[in-house]
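The block underneath contains the structure these notes are about, expressed in structure tokens.
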Amino acid sequence: MAARILSERFYERDTLTAAKELLGCFLVRKIGRKTWRARITEVEAYVGEDDLACHASKGRTKRTETMYGEPGHAYVYLIYGMYHCLNIVTEKGGFPAAVLVRAVEVEDVPKKETDGPGKLCRFLEIDRTFDAWDVTRGEKLWVERGRLGKGEEIEATKRIGVEYAGHCKEYLWRFEIAK
DNA sequence: TGCCGGATCCTG
DNA sequence: AGGATCCGGCAA
């Protein structure tokens with residue numbers, strides 16, 4: 001059981017690689033006696049200060065400190081005053097990068113409830129108290145190894161909601177499972 | 001200190 | 001198409 005949990009080593013790599021490999025893996029959230037297993041189906045990569053869409057493009061601040069920290073920790077922020085977004089920090093400590101989890105699927109739960117970054121955080125009860133949370137320990141929130149099914153492929157497209165990011169908005173850094 | 005806009009979602 | 005709703009970052 002514990003062996004399936006993705007370790008710091010998994011995250012301490014090129015962000016695009018880690019992002020793609022997270023597809024098909026399971027985001028696990030334990031709330032009291034209840035354990036949700038959510039299959040990751042869509043992610044986006046945010047890489048370094050040169051990526052104008054990345055929060056770290058404004059440099060090291062209190063908010064982005066987590067992204068500069070150790071890989072395998074959650075970076076959770078509040079967006080539009082009412083929704084939370086879950087990222088997992090990647091690459092070596094000191095280099096700001098993370099993978100945004102944009103959609104998951106939970107068995108017996110309508111897709112509509114978990115098919116957006118804000119929606120999945122609301123469903124899984126993830127808020128800013130999880131910022132900097134270590135997701136490699138298997139406590140409350142972690143990720144387990146998973147894979148693509150037969151016939152499933154990775155589709156790369158532009159990231160959502162980053163029209164302000166100059167040339168970086170063109171990067172095909174959004175990855176989702178396509179059939 | 002004040003203002004502006006956002007890695008979203010829902011309603012009309 | 002627009003509103004909800006609040007915090008971070010920057011200008012003043």
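Each chain gets a letter, A, B and so on, in the order the sequences are listed, and its residues count up from 1.
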Exercise. State whether A/Tyr83 and A/Arg122 meet the cation-pi test: NZ (Lys) or CZ (Arg) under 6.0 Å from the six-membered ring centroid, and within 45° of the perpendicular axis.
Key: no

Exercise. Indicate, with a heavy-atom threshold strictly under 4.0 Å, whether A/Gly81 touches base, sugar-phosphate, or nothing.
Key: base

Quiz item: With no angle test and no hydrogens, is the base of C/dA4 tied to the side chain of A/Tyr80 by a donor-acceptor pair under 3.5 Å?
Solution: no

Quiz prompt | Between B/dG6 (C1') and A/Tyr77 (OH): distance, integer Å | solution = 9 Å

Quiz item: Is atom CD of A/Glu139 surrounded by more than 12 heavy atoms (other residues, nucleotides or ligands) closer than 6.0 Å?
Solution: yes

Quiz item: Just checking A/Leu100: base, sugar-phosphate only, or nothing, at a heavy-atom cut-off of under 4.0 Å?
Solution: base

Quiz item: Does B/dC10 have OP1 or OP2 sitting under 4.0 Å from an N or O in the side chain of A/Lys119?
Solution: yes

Quiz item: Parallel under 30°, tilted from 30 to 60°, perpendicular over 60°: which one fits the rings of A/Tyr171 and A/Trp173?
Solution: tilted

Practice problem: Tell me whether the centres of the aromatic rings in A/His55 and A/Tyr46 are closer together than 6.0 Å. | Solution: no

Quiz item: Stacking check: are the rings of A/Tyr83 and B/dT8 less than 5.5 Å apart at their centres and under 30 degrees in tilt?
Solution: no

Quiz item: Does C/dG2 pair with anything, Watson-Crick or G-U wobble, both distances under 3.5 Å, and if so, with which nucleotide?
Solution: B/dC10

Quiz item: Could you give the CZ-to-P distance, from A/Arg63 to B/dG5, as a whole number of Å?
Solution: 15 Å

Self-check item: Rounded distance in Å between the P positions of B/dG2 and C/dT5
Solution: 22 Å

Quiz item: Once you round it to whole Å, what is the distance between C1' of C/dC7 and NZ of A/Lys58?
Solution: 13 Å

Quiz item: Within the stacking criterion (centroid distance below 5.5 Å, interplanar angle below 30°), does A/Tyr46 stack on B/dA7?
Solution: yes

